Amino acid sequence: MTLINPYKPEPAVIQAIRSETPDTTTYTMKFRDLQEFSFEPGQFNMITLFGYGEAPISISSAPSEDGTFEHTVRHVGNVTNAMAGLREGDTLGVRGAYGTGWPMSQLEGQDVLIIAGGIGLAPLRPVIQAVIGDRRKGNGRYGSMEILYGARTPADCLFKDDYEEWRSAEGVNLLLTVDAVPQGMDWEHNVGVVTALFDQMKSRPADTIVLTCGPEVMMKFVVRGLLERGFSPDRLYLSLERRMSCGVKKCGNCQIGSKFVCKDGPVFAYAELMTLSEEVL
Amino acid sequence: MTQPKIAIFKLSSCAGCQLEVLNLEPYLLQLAGVLDISYFVMAKRDNAPGPYDIGFVEGAVTCGEEIAKLKRARKDCKVLVALGSCACYGGIPSMKNWEPQREVEKRVYEDLSAIESTKAFGIDQYVPVDAYLKGCPVSKEELVNFIKSTLLGMRPYLRPHSVCVECKLGENVCVFLSHREPCMGPVTTAGCGALCPARGKACDGCRGPANDPNPVSLAEAFKELGLHRPDIIRRFRKYAGATLEFEKGVEAL
Amino acid sequence: MAMPRAFAEAQRLLRLDKSRLDDFVEALKKVADVYGPVRKGVQHSFQLLEDKRPELDYHTTILPPKKLLHEPFEKLFSFEEDRVEVVQSVPKRPQVLLGIHPCDVHAIEILDQVYGGEYEDPYYQKRREQTVIIALNCTTVHDNCFCSSLGTGPELKSGYDLLMTDLGDQFLVEVGTPRGAELVAEAGLEPAPRVTLVDKERRLSEARNRLRKRLLTQDLDQLLKDNFRHPVWEELRHECLACGSCTMVCPTCFCYNTVDVLNLDLKSGWRERVWDSCLLLDYAQVAQGMNFRKDRDARIKHRVYHKLVYYEPQFGTLGCVGCGRCIDTCIKGIDITEIIRELRGE
Amino acid sequence: MTEKRIHVDYMARVEGEASLNVRVVDGEIKELVLDVFEPPRFFQGFLVGRSYEEVPEIVSRICGICPVSHQLAAIQAIEDAFGIEPSEQTKDLRRLLALSQWIQSHTLHVYFLAAPDFLGYESVLAMAEDYGPVVERALKLKRLGNDLTALIGGREVHPVTAVIKGFTSLPDEGELLAIRERLEEARKDAQATVTLAASLEVPDFERPCEHIAVRSSEEYAIYDGRVVSTEGLDIAAWDYRNHIRERHVPPAHALHSYVVGRGSFLVGPLARVNLNREQLSDNAKAALEKVRKAKGVEFPSFNPFHGAIARAVELVHAVDECIKIIDRLELVEEPISYQIKAGEGFAVTEAPRGLLYHSYRINDQGIIEEADIVSPTAHNVYNMEEDLRAFIPTVLDLPDDEATLKCETVIRNYDPCFSCSAHFLKMRIERE
Ligand SMILES: Cc1cc2nc3c(=O)[nH]c(=O)nc-3n(C[C@H](O)[C@H](O)[C@H](O)COP(=O)(O)OP(=O)(O)OC[C@H]3O[C@@H](n4cnc5c(N)ncnc54)[C@H](O)[C@@H]3O)c2cc1C
Ligand code: SF4
Ligand code: SF4
Ligand code: SF4
């Protein structure tokens, strides 16, 4: 029996680096040797910096033809800080793609409401790209899309370069909010928590699937607010963060109740989480 | 990368933790290649003045002069590390903290005029500390691990949990259960490899409180072993009696 | 595995005089690395039988045989810059686990599920393939055993290559697989008459009757679901030392943590995995200090629920085999069977 | 009027903190203070009220370099109080533990602390470039000492296994044999150390004074025996306080230790070789003889600088003795049981740096009521000053930094351990 080793990172080469915010960077990479690599929006890779360790990071781009994929990383700890020192052409270790992604097939024929906070926009960007891409091709698989995004300050907003494109796409409504605006900075959008945008949104409970990712407190208020507005738990999808040392349902670290976040998640229907004894939000 | 400058300072201590630096023989020459050991009075005569990249402070603070010396060290060092349990918590010298100062002094000196000693505390009582290397003495493995991680600019992985974990990993016979020895392992920080239980001896708590200790429950378990109040107090007030966590063990009774 | 008919009938029952145990072990050593229970202080431990003799009348071992399949510390691969080389210390010869109790065999079968599935764990699997199980039925039991409640003992029904039962001055040896048959042929064991099975059954039912501890599994799922906020958890929060011992000794616990260890050149090193435990504060901690199970009771609950409820949906089996190690090893005497009794209001 | 000041703020390459201050006016020493500014940690003070069981691990923390000596002295004193006689096996393991520490500490001193002085380096690390193989040898010997301490004691610094009446665990026999092989190999390294120590150019300086060491009828004393001296002292441990006392001489913090009715005295390797050299191993004797032939150095010697040779010779002896002990050990588990009783106990032992004295008064609950500890360096401080007093006139013509270095050498030569003596050294020669 020959077993493939699921723990062995594959070398991937950095193609491009784009600074998103003072503490977040997007890396475009491509496997050096591996030819086949497919993934779905919402899946993640385990990224290794040899000597520093390994961290689960969502793929922040939609599947592409040329085999490249992107990761948007907030520099907060050992692996992610070390990534800040990488240059184009550097090699790192990647294995994946892991986890269940967003319920793309269920989105078909539905309106999509995306609610993200901070780095939580990263795993949702592939969905946005997929919906807009679909619209471009004129396939019309999805209904309208509303994006509610909150960050700490205007400078902390991710994917600023994308906003023009998103806004200009048909049937897309992008609503932005920040916690605070530093003195002297221009900001024409909302100030306040993400849930404060609810009054401006147009999505209707019956036709909409909600995808949300962000800090757990944020998601807690998002879920609460949406339920109050009549969204049903089985139409709310959340992407969760847990500690992961393997990504493949072996190390046990990521369990919530009987669920392995790495395998059963990271995307869960809220209805599913409600059945767990262990409280999530 | 230029070689980072290292300094090793000594306050009130047995010098055992510094000696552990010299005891790194297998790596010593290699380490000397990647580090500039710039200030290390026990090992060299030419000691350069600061600033330094990493300063290791050994020993508890027990007098005014040492506070001043410590503050200078803090100013001189980018990263300041408490080296060993004396520097982390006051260590063995802190055992005197619970008796009237003069009482203790009188037992040693007839003429007290020249003695000006304070209660013994860890260095973070007086200055901010960037990292703690626990143990009496420090673990060489952790020390090397710390140096490597710091060179790479990352936070080292120092086991934060109880000694019991490493005790089990080493498949030791539990001295608490098998020999009814009052073992401090369940509330003490691992990282020593459960050195004492592995040698048939109860953990003495030399590495201070673990990250989630339950000293109250352990104190009760000690009582069930037949220990009296003063015995239990002595176990908690040894290397790290000045910590809130171990003080809880004292107060439990 | 389909067995040749001749094998299934002819040599299933054999006997091994206790006086010949050493010869048997020597014969095994010729073809395999033999691990068995040996004395360690007042306890026992599975060790390579080099110059040591196995002590088969042992109660239990400190660490379960899991340690020989999923090592407490295991190098996953070494690296140099970005070159990665898998280093796997697979035993060159088969390894015989001699004298392992039924509960531990069941635990290995659970681990087979854990380390199988979509992403097989090659480290575990390769060792597992090389492993021969010579199990030993329990004719003596000890205070903390509750295997009968979980159907994991004191008698083993399957999962062995060979199965031994202590019949006083001899062992009955039953053959479970062709591999086991080969071994007994190698060692030249004599056939045993069918009547020895009667003796075996008598001894095992005596053992069963001596088991004092019980864990009633009926509606366990519902019981635990209904009692997530039972006061027992609050009591345990004060009692439990969160030292992690119970999980470190559990034969079905599988959690691990990975650490990169660097050489002094700061370029080469290896990734190692080390047993971890859900009882520890840092277990559910992620970057920036966020912790999903900060409270001790949440961690204790996770352990108990995992063993008794969550394994079922995850791996199709209960997660506890009733070996009693966690009870043996707890300084505070926290007892999973007592917890359940309390929840049941007994 | 000419005044010369020698001042060393912070003695380097010694263990602990001390300063030296000397003022010489018109060739006459007006002031000489060897001051230990290592702050006192009050061990004798806080031992009171602790349990006898904790004493070995607590006193271990007096000194990181000779923790074993403190442990063994304390254990013996407590055994003395309880009337316990340990088994031969226990004694042998203790000897091994003590010797392992001699190997480690002597190597550290000869190569790390003393040799750089005489070879003109500021530290052993600086020496490493020119003396690669020598430094490698030093590291190897020191590792051997450390490994042996760890094997018997469970840890190099502050070992854990030695307890009243025995050991909590015995060393693994296989590992013991493995280390025996390394000891065999280390013989030549130890002999090379003697050659190195004898080759160092030391001042021709002699100062007769009383030398004190422990003597045993059975062996070159390492662990127990009677206290004897070159002036005819011959007493048991319990009698120590009737003959050796301390006095406080301001402004220094260090206490001066003296023989009642006489004065300062020297303890350590030189004293031991002077007093007990007949009991050295054959190899060690041969090494001494070689030194005599090559360098004309005769023992007994009253040149304190010959301490380094004595230390190296003891290294040879220690290696031989360890092998001898390992060869006669047949390890068996020995149960440890005894009765606690009220009483007083006394012990002397030979730490690497010399005579170490511990005594305790214990109540019937096993609680310490009084503790008395005198470390080797505490014994030696007074003698160091006396050496300096005699030595300084010979260096007055040298430039200041050279004179200072020479004075430091006098002190370093003692391998002082100021943490241990817990009272001590700022040096300043003032020349007017
Ligand atoms: C499914 C998923 C998707 C994610 N997607 C993204 C994303 O797209 N972008 C993004 O920026 N972040 C993402 N995260 C979060 C990201 O994984 C963490 O920020 C990252 O793990 C931080 O790793 P670090 O090593 O930099 O931080 P650290 O703080 O160094 O490590 C994180 C945690 O790992 C543990 N740990 C640290 N060092 C060690 C060690 N040596 N040994 C053992 N344990 C250790 C600790 O519990 C620590 O809290 C995602 C997380 C998950 C679970
Ligand atoms: S011996 Fe001490 S450290 Fe080891 S498991 Fe028992 S209580 Fe924990
Ligand atoms: S077992 Fe306890 S006393 Fe021993 S070294 Fe470890 S922390 Fe210190
Ligand atoms: S939970 Fe306890 S009794 Fe059950 S298998 Fe694990 S250690 Fe054994």
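All chains are named by letter (A, B, ...) in the order of the sequence lines, taking the proteins before the strands, and each is independently numbered beginning at 1. The basis for the numbers below is simple: all heavy atoms, side chains too, and nothing from hydrogens, waters or symmetry mates. These numbers come from a predicted model, not from an experiment.
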Requested in this report: Could I get the full list of side chain to side chain donor-acceptor pair (under 3.5 Å) partners for B/Tyr52, not counting sequence neighbours?
Outcome: none
**Report entry** Heavy-atom pair with the smallest gap, counting every atom of D/Arg61 and B/Cys206
**Finding:** NH2-CB, 4.4 Å
Query raised in the report: Looking at D/Arg155, D/His158, D/Glu156, which has the largest count of heavy-atom pairs under 4.5 Å with chain B?
Result: D/Arg155
Query raised in the report: In terms of heavy-atom pairs under 4.5 Å with chain D, which of B/Cys196, B/Pro93, B/Pro137, B/Pro230 leads?
Result: B/Pro137
Query - Proximal component of B/Lys238, with respect to chain D [non-hydrogen, under 4.5 Å] - result: both
Query raised in the report: With a cut-off of 6.0 Å (strictly less than), are more than 12 heavy atoms of other residues, nucleotides or ligands near NZ of B/Lys140?
Result: yes
Query - Intermediate values then yes/no, side chain to side chain contact (heavy atoms under 4.5 Å, CB included), D/Val48 and B/Glu99 - result: CA-CA 10 Å; D/Val48 173; B/Glu99 285 192 76; 5.6 Å; no
**Report entry** side chain to side chain contact (heavy atoms under 4.5 Å, CB included) between D/Phe43 and B/Lys96, worked out
**Finding:** CA-CA 8 Å; D/Phe43 276 84; B/Lys96 69 169 183 170; over 6 Å; no
Query raised in the report: Which region of D/Glu370, side chain (C-beta onward) or backbone (N, CA, C, O), has a non-hydrogen atom less than 4.5 Å from a non-hydrogen atom of chain B, or is it both or neither?
Result: neither
Query - Heavy-atom proximity to chain B below 4.5 Å, by part of D/Glu53 - result: neither
Report task. Kindly determine whether D/Gln104 and B/Leu19 satisfy side chain to side chain contact (heavy atoms under 4.5 Å, CB included), including the steps that lead there. Result -> CA-CA 11 Å; D/Gln104 178 267 126; B/Leu19 183 66; 4.1 Å; yes
**Report entry** Spacing of D/Ser123 atom OG and B/Met42 atom CE [to the nearest 0.5 Å]
**Finding:** 12.5 Å
Query raised in the report: Is chain D contacted by the side chain of B/Cys192, its backbone, both, or neither, given a heavy-atom distance below 4.5 Å?
Result: neither
Report summary line: Given D/Asp372, D/Asn146, D/Val135, the one with more heavy-atom pairs under 4.5 angstrom with chain B than any other is D/Asn146
Query raised in the report: Under the side chain to side chain donor-acceptor pair (under 3.5 Å) test, which residues partner D/Thr90, sequence neighbours left out?
Result: D/Ser87, D/Glu334
Query raised in the report: Which bit of D/Ile373 comes within less than 4.5 Å of chain B, counting heavy atoms only: side chain, backbone, both or neither?
Result: neither
**Report entry** Neighbour count above 12 (heavy atom, 6.0 Å) for D/Lys165 NZ
**Finding:** yes
Report task. Under 4.5 Å heavy-atom distance to chain D, tell me which part of B/Asp204 shows up: side chain, backbone, both or neither. Result -> side chain
Query raised in the report: Taking 4.0 angstrom as the limit, do D/Glu57 and B/Lys201 come out as a salt bridge?
Result: yes
Query - Under 4.5 Å from any heavy atom of chain D - which part of B/Leu22 - result: both
Query raised in the report: For chain D, which of B/Ile37, B/Leu195, B/Val175, B/Asn97 has the most heavy-atom pairs under 4.5 Å?
Result: B/Leu195
